[in-house]
Amino acid sequence: MGKTIAEINKKIKEGRAVVVTAEEIAGLAKKQDVKKLAAEIDIVTTGTFGPMCSSGVFLNFGHSNPRIKIGGGKIYLNGVPAYAGLAAVDTYIGAAATPENDPRNSEHPGSFKYGGGHVIEDLVAGREIMLEINAYGTDCYPKRGVSTRIRLKDLNEAILFNPRNCYQNYNVAVNLSKKTIYTYMGILKPELGNANYCSAGQLSPLLKDPYLRTIGLGTKIFLGGGTGYVAWWGTQFNPSVKRTKNGVPAAGAATLALIGDLKQMKPEYIKGASLTGYGTSLIVGIGIPIPVLNEDILRWTAIPDEELYAPVVDYSNDYPNCTGKTLGEVNYGQLKSGKAEILKKEVPTGSLSSYKKAREIADTLKKWITGGDFQLTENVMNFPEPDSGYKFRAMKEGR
Amino acid sequence: MERKFVIHFPKTLVDKPIMSDLVKRYSLDFNILKAYVTPEEEGTLVLALQGTEENVDTAVKDLKEMGARIQSISSDIRMVRELCTDCTACIPLCPVDALYRDKEDFSVHFDAEKCIACGLCIKACPTKALVFTI
Ligand code: SF4
Ligand code: SF4
């Protein structure tokens with residue numbers, strides 16, 4: 001017997017909704033009948049907290065007097081360049097933006113101390129930001145320069161808009177070469193010295209709804225400590241990858257574009273990141289509720305770490321050169337134990353994604369729902385299915 | 001007093017009982033934090049020496065005269081708890097297991113006693129939660 005979102009929302013309102021986290025359901029399903037659980041449980045909450053480089057924020061500063069137009073000029077926030085291709089006093093700053101005078105990798109590996117991700121963190125934390133604008137001046141926007149300090153509360157809008165977040169599964173990165181390499185998956189020691197992963201595994205939102213039956217356009221979510229929405233499917237969306245028996249993609253597949261009000265967000269869940277030798281990023285906390293509309297959905301939410309597999313990829317050659325080669329698969333149970341067997345060697349593991357924080361987020365979302373503060377949404381539109389023919393393409397070069 | 005050192009022994013000294021001789025001669029206590037032989041067959045010891053300042057200094061001088069290279073570990077590493085997100089990116093970088101994760105609550109901890117201040121974890125931490133104190 002199925003449930004509807006409307007029925008579940010009614011239960012939330014009456015304080016009767018039964019909510020568990022994806023970690024709890026993985027445990028429960030080992031002992032109890034899935035049919036019975038599907039009838040009893042209304043919502044499973046998920047969570048993830050890791051660096052998501054394709055993130056950024058739209059800002060509107062309000063007009064100066066006389067007026068100034070950023071578009072076609074230059075704009076810096078704490079010395080980090082932002083986008084100057086929008087009208088008047090709108091901009092967008094991305095997590096990976098780097099100050100022009102940053103030495104980058106000229107002394108490899110660069111430390112990338114401060115960038116777009118840190119500007120966003122500082123805004124959320126309520127810290128003052130230096131705003132500098134250089135403009136060419138027009139009859140209607142005569143001012144040529146602004147140099148002032150701003151805070152998040154002084155702005156009109158601050159909209160977090162991340163074109164690609166929440167990867168459904170991800171590579172485990174290793175290094176088969178003879179020297180240490182510095183990647184967005186962290187520092188990789190030579191000759192399989194370590195294996196780094198970046199997923200919350202059994203708590204990760206898109207691993208628990210592998211066919212995106214409940215997550216779509218308009219899904220309301222936990223985003224950075226506030227509420228946000230799924231705004232579109234994410235860039236590099238790739239639903240047709242190989243799947244394991246349980247339906248879960250065995251490699252990076254679906255992604256989400258997310259949107260939310262930065263002013264609602266909390267510094268615990270939005271943090272700048274410096275990845276040595278790579279660049280800056282933004283660590284984003286995301287939680288997605290999955291309504292248990294039927295038994296299939298419950299079965300998917302209950303898949304434990306031991307049955308979720310990630311491909312192992314050599315970041316010294318196969319990743320940068322797009323060879324498509326993988327070195328095998330390991331499951332998140334092994335990865336989380338601190339050691340995984342790769343190419344017959346026991347390799348220490350590290351994660352870029354915090355499982356502790358993912359847990360905290362799934363728990364917080366659970367509290368919001370049981371407390372009656374958070375209602376579920378009906379999808380406005382579903383995203384492309386595995387058999388839709390939707391494909392992820394490589395760049396056309398040399399034309 | 002206690003001081004930590006990284007001592008590199010050339011191939012010719014690797015098999016000799018140098019440390020135990022010195023320790024006896026200058027009545028020192030010592031604690032080996034890590035010991036390994038490099039591919040060039042050079043021996044490396046990370047150890048904490050305890051004794052009077054004068055005796056530790058003389059022992060270090062004797063070691064140098066025998067051809068050992070010695071680095072004193074003067075700085076310390078600290079974990080800034082508020083900046084740590086408990087991700088575990090630093091853990092596999094640490095050569096002495098001074099960084100570890102609690103199996104129950106998944107929080108990451110730093111054991112200053114084990115740390116040899118090699119600094120490897122500092123570069124690995126995305127939120128700059130690991131810092132040199134000096
Ligand atoms: S500095 Fe960091 S990596 Fe080096 S021993 Fe200490 S904790 Fe371990
Ligand atoms: S890498 Fe940094 S943030 Fe991650 S667990 Fe280690 S100290 Fe904490």
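Not measured: the values here are computed from a predicted model.
For chain B, the option among A:Thr349, A:Thr280, A:Leu188 with the highest count of heavy-atom pairs below 4.5 Å is A:Thr349. Heavy-atom pairs under 4.5 Å with chain B peak, among A:Gly277, A:Pro109, A:Ser274, at A:Ser274. Residue with the most contacts toward chain A among B:Thr127, B:Val108, B:Asp105: B:Asp105 (heavy-atom pairs, distance under 4.5 Å). When each of A:Lys336, A:Glu268, A:Glu121, A:Met185 is checked for heavy-atom pairs under 4.5 Å with chain B, A:Lys336 comes out on top. Of the residues considered (A:Gly350, A:Ser354, A:Ala358, A:Ala273), A:Ser354 shows the highest number of contacts with chain B, using heavy-atom pairs under 4.5 Å.
In summary, the side chains of A:Lys271 and B:Thr85 do not present any donor paired with an acceptor at a separation below 3.5 Å, with no hydrogens or angles considered.
Rounding to the nearest 0.5 Å places SG of B:Cys87 at 15.5 Å from OH of A:Tyr355. The distance from the NZ atom of B:Lys123 to the OG1 atom of A:Thr180 is 8.5 Å, given to the nearest 0.5 Å. B:Leu120 CG to A:Lys189 NZ: the interatomic distance, rounded to the nearest 0.5 Å, is 7.5 Å. One finds the SG atom of B:Cys90 at 10.5 Å from the CD1 atom of A:Ile187 (value rounded to the nearest 0.5 Å). From B:Asp86, atom CG reaches atom OG of A:Ser351 across 11.0 Å, with rounding to the nearest 0.5 Å. Once rounded to the nearest 0.5 Å, the distance linking NZ of B:Lys103 with OG of A:Ser337 reads 8.0 Å.
More than 12 heavy atoms of other residues, nucleotides or ligands shown are found within 6.0 angstrom of NZ on A:Lys345. The neighbour count for B:Glu65 CD, taken as heavy atoms of other residues, nucleotides or ligands under 6.0 Å away, is above 12.
When heavy atoms are compared at a cutoff of 4.5 Å, A:Ser111 does not approach chain B at all. With a 4.5 Å cut-off on non-hydrogen atoms, A:Lys339 does not touch chain B at all. With a 4.5 angstrom heavy-atom cutoff, A:Ile283 touches chain B only via side-chain atoms.
For the pair B:Ile91 and A:Pro348, the minimum side-chain heavy-atom distance is 4.5 Å or more. Side-chain contact between B:Pro126 and A:Leu352 is present, with at least one heavy-atom pair separated by less than 4.5 Å.
A donor-acceptor pair under 3.5 Å is absent between the side-chain atoms of B:Arg101 and the main chain of A:Gly338, judged by distance alone.
Looking at every heavy atom in both residues, A:Arg359 comes nearest to B:Glu104 through NH1-O, 3.2 Å. For the residue pair B:Phe106 and A:Lys356, the shortest heavy atom distance occurs at O-CB, 3.8 Å.
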